[in-house]
Amino acid sequence: MKTPSGMPDGGRRFRLGLFVLGAGTLFVGLLLFVLQNSFDSRRAVYFIMFTANVKGMVVGSKVNFQGVPIGVVSDMRFQDGNTLVELTVDPSRAAIQDVTRARMDKLLVTGQVTVELEGYGPEGKALPAGSFIRPKEDPLQALTGNLPEMVERANT
C-alpha cells in the first residue's frame with residue numbers, strides 16, 4: 001500500500017522508528033553525561049559550627065583545602081546562637097584530619113565567602129565523615145569584635 005506521497009507505508013514507519021530510537025539514545029547519553037559527576041565521585045559530609053557572622057556564605061559556596069577546591073557548602077542553619085554549616089566534599093581530593101581547621105575567606109569586592117580548610121600533618125589522624133571540623137579564629141574578626149572594649153578601656 002502506498003501513501004499519498006508515493007512511498008510505501010512500511011518505509012515511513014521504519015524511518016520514524018529509527019528517529020525515535022536515535023532521539024532516545026541521545027537523551028539517555030546526555031542524561032548520563034550530566035549525572036556522571038554524581039556517580040563517579042564519593043562524597044563525605046562534615047560540619048562546622050561558626051560563632052561568627054557568615055554573611056556572604058550561601059548553599060553552593062566553594063570549599064577549598066589549602067587552595068584546592070574539594071567541595072561545596074550543602075546546608076546552613078542557625079542553631080543555638082551559632083551557624084551550623086554542612087559541607088559536602090570529595091575525600092579523594094584531600095585528607096581531612098583532626099588537625100584541620102576551617103575559616104571563612106571573604107572576597108572584598110563581591111563579598112562572596114568560601115570555606116577554607118587548613119592543616120595537615122604526620123601526627124594528624126583522619127577525621128571520619130560526619131565529624132565536626134573546628135573553626136579557626138580569624139584575627140581580623142577578633143580585633144574588630146574586641147575594638148569597642150579596647151576603645152572603652154583607653155578612655156578610662
Side-chain angles (χ1 to χ4, degrees), residues 17-156:
L18 279 177
F19 175 75
V20 169
L21 184 64
T25 303
L26 182 63
F27 175 74
V28 169
L30 287 173
L31 188 64
L32 288 174
F33 177 74
V34 169
L35 296 176
Q36 175 183 3
N37 199 20
S38 299
F39 296 132
D40 280 352
S41 58
R42 299 178 303 156
R43 298 286 182 217
V45 173
Y46 292 94
F47 300 95
I48 306 167
M49 186 70 77
F50 283 112
T51 57
N53 187 337
V54 296
K55 184 177 180 180
M57 185 184 299
V58 296
V59 172
S61 290
K62 292 181 182 180
V63 176
N64 299 323
F65 189 93
Q66 296 184 182
V68 176
I70 64 166
V72 295
V73 171
S74 52
D75 192 24
M76 296 170 31
R77 63 182 67 112
F78 189 74
Q79 181 176 330
D80 300 326
N82 300 314
T83 304
L84 177 64
V85 177
E86 181 179 313
L87 312 177
T88 302
V89 300
D90 181 352
S92 67
R93 293 183 154 266
I96 298 174
Q97 299 179 328
D98 57 356
V99 296
T100 302
R101 299 292 175 260
R103 68 177 176 82
M104 293 180 288
D105 189 22
K106 183 181 271 190
L107 295 174
L108 295 177
V109 175
T110 63
Q112 188 177 23
V113 172
T114 60
V115 176
E116 298 291 331
L117 303 179
E118 302 169 337
Y120 179 86
E123 73 282 353
K125 295 182 176 90
L127 196 62
S131 299
F132 277 81
I133 300 171
R134 293 195 312 205
K136 182 178 180 182
E137 185 70 29
D138 182 12
L140 183 60
Q141 196 164 27
L143 178 64
T144 57
N146 293 333
L147 195 56
E149 281 180 24
M150 295 171 88
V151 169
E152 188 176 315
R153 284 186 198 163
N155 288 335
T156 58

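Heavy-atom neighbours of Phe27 CZ from other residues, nucleotides or ligands within 6.0 Å: at or below the threshold of 12.
Across all their heavy atoms, Val115 and Ala102 have their closest contact at CG1-CB, 4.4 Å. Residues Val85 and Val73 share a closest heavy-atom pair of CG1-CG1, 3.8 Å. When all heavy atoms are compared, the tightest approach of Gly56 to Ser61 is O-OG, 4.4 Å. Of all heavy-atom pairs between Gly130 and Tyr46, the closest is N-CD2, 4.4 Å. For the pair Ile70 and Ala94, the tightest heavy-atom approach, listed with the atom from each and the gap, is CG2-CB, 3.9 Å. For the residue pair Pro128 and Ser131, the shortest heavy atom distance occurs at O-OG, 2.7 Å.
Note: Thr83 OG1 to Met104 CE = 8.0 Å, rounded to the nearest 0.5 Å. Of the inter-residue distances, the one linking Lys136 atom NZ with Arg103 atom CZ reads 6.0 Å to the nearest 0.5 angstrom. Between atom CG of residue Asn82 and atom CD1 of residue Ile48 there is a gap of 13.0 Å, rounded to the nearest 0.5 Å. Atom CZ of Arg101 and atom CD of Glu116 lie 16.0 Å apart (nearest 0.5 Å).
Annotation: side chain of Gln97 is not in contact with side chain of Leu127 (no heavy-atom distance under 4.5 Å). Proximity of Val45 to Glu86: side-chain heavy atoms (C-beta onward) are separated by under 4.5 Å at one or more points. Residues Val89 and Phe65 have side chains not in contact (no heavy-atom distance under 4.5 Å, counting atoms from C-beta outward). Looking only at side-chain heavy atoms (C-beta outward), Val113 and Asp105 stay at 4.5 Å or farther from each other. Between Ile96 and Ile133, the closest side-chain pair of non-hydrogen atoms falls below 4.5 Å. Considering only heavy atoms from C-beta on, Val72 stays 4.5 Å or farther from Val59 through its side chain. Looking only at side-chain heavy atoms (C-beta outward), Met57 and Met76 come within less than 4.5 Å of each other.
Between Gln112 and Thr114, the side chains place no donor N or O within less than 3.5 Å of an acceptor N or O (distance only, hydrogens not considered).
Although no hydrogens or angles enter the test, the distance criterion places no donor-acceptor pair under 3.5 Å between the side chain of Asn64 and the main chain of Gln66.
Residues satisfying the side-chain hydrogen bond (donor to acceptor under 3.5 Å, both in side chains) test with Thr88, not counting sequence neighbours, are Ser74. Partners of Phe132 by ring pair (Phe, Tyr, Trp, His ring centres under 6.0 Å), not counting sequence neighbours, listed by chain and number: Phe47. With sequence neighbours left out, Asp75 forms a side-chain hydrogen bond (donor to acceptor under 3.5 Å, both in side chains) with Arg77.
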